[in-house]
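Structure record follows, encoded as structure tokens.
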Amino acid sequence: MSPGERAESLVAEFGITSPAELDIVAFAYDAGLEVVFDDLEGCDATLVGFKNRGIATIRRSDVAGRERFSIGHEMGHWEMHRGKSFRCRVDDPSDNLASDRALEKHADEYAAHLLMPRPLLMPMVKSVGKPAFRHVNEFAEVFRTSRTAMCIRLAQIDTLPVIAACYWGSALRWVARAPDVPKKWFVKSKLDDDSLAFDVLKHGKESQGKQPAEVWFDNDGVDEYEVLECSARGREGEVLVLIYLTDIEMMTARSNRSRDDERSFGFRGSASRRW
Ligand SMILES: [Zn+2]
């Protein structure tokens, strides 16, 4: 079972039928993990355990969803990596998305599925079609997660033709691509002046609309296509973007890059992470 499947099977075992019932501390307690909150320095969460009892210490945060994601992350370690101790940077799941540390990615995947299980999220996504940021905000509130965590989850839910990305200033910080989006589509590493995201970064809060695909991609022949762009301000200096590949031909286009290119361009390296 994948980390996500493990988390969702736990949610199913508890018979959860609504996001309000996702009591993450109760899940942890049931698994033998005590959750305490503290003013940790230098990390966001720690996990120590002995046999079947453990303690997850979570840094206090007033940012919506952050503590819950940290608890879900430590639960992931507890369920999948028992016997090890951890000091984690999990206040923003995108930090681990940009890293190549397998255990941290697995713990994030576990947390994302525990907090936003597919059976509860999918009906909401389907009811709106292609979520814009007003929907992302609504979903994040209902599931008590950060907006960043929700954007990444939407890109991984595998029914939307979407690429989620975050730019810090005009530089690409991370990107999460839906599994069905052809690997040839790499968003530009520098934000295009003609994108809505560029305007949002300079002046606004959020914006959405059809855009020529060449604003986002520099592939040959891309000028034939249009995409739907939704952009909103993220954390200080950041803009979050959802790019929907609304043209069916973009979704069926064959890859014209090598696997080495995919590894190089799929995620930003850890050097670009900010703590
Ligand atoms: Zn961790």
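Just follow the structure's listing: the first ligand is 1, and inside any ligand the first atom is 1. No experiment lies behind these values; they were computed from the predicted model shown. Reckoned from all heavy atoms, side chains included, excluding hydrogens, waters and symmetry mates. We number each residue from 1, following the sequence as shown.
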Keeping R147 on the side-chain end and L240 on the backbone end, is there a donor-acceptor pair under 3.5 Å? no

N/O/S atom name from H73 that is nearest to the position of the Zn ion (ligand 1): NE2

Cationic tip of K202 within the cone over F198's six-membered ring, i.e. under 6.0 Å and within 45° of the normal? yes

Is the distance from the Zn ion (ligand 1) to the nearest N/O/S atom of E104 under 2.8 Å? yes

S195 (side chain) donor-acceptor with L191 (main chain) under 3.5 angstrom: no

Salt-bridge test for R233 and E206: reply yes if a basic N is under 4.0 Å from a carboxylate O, no otherwise. no

If you check every N/O/S atom of H77, which is the one nearest the Zn ion (ligand 1)? NE2

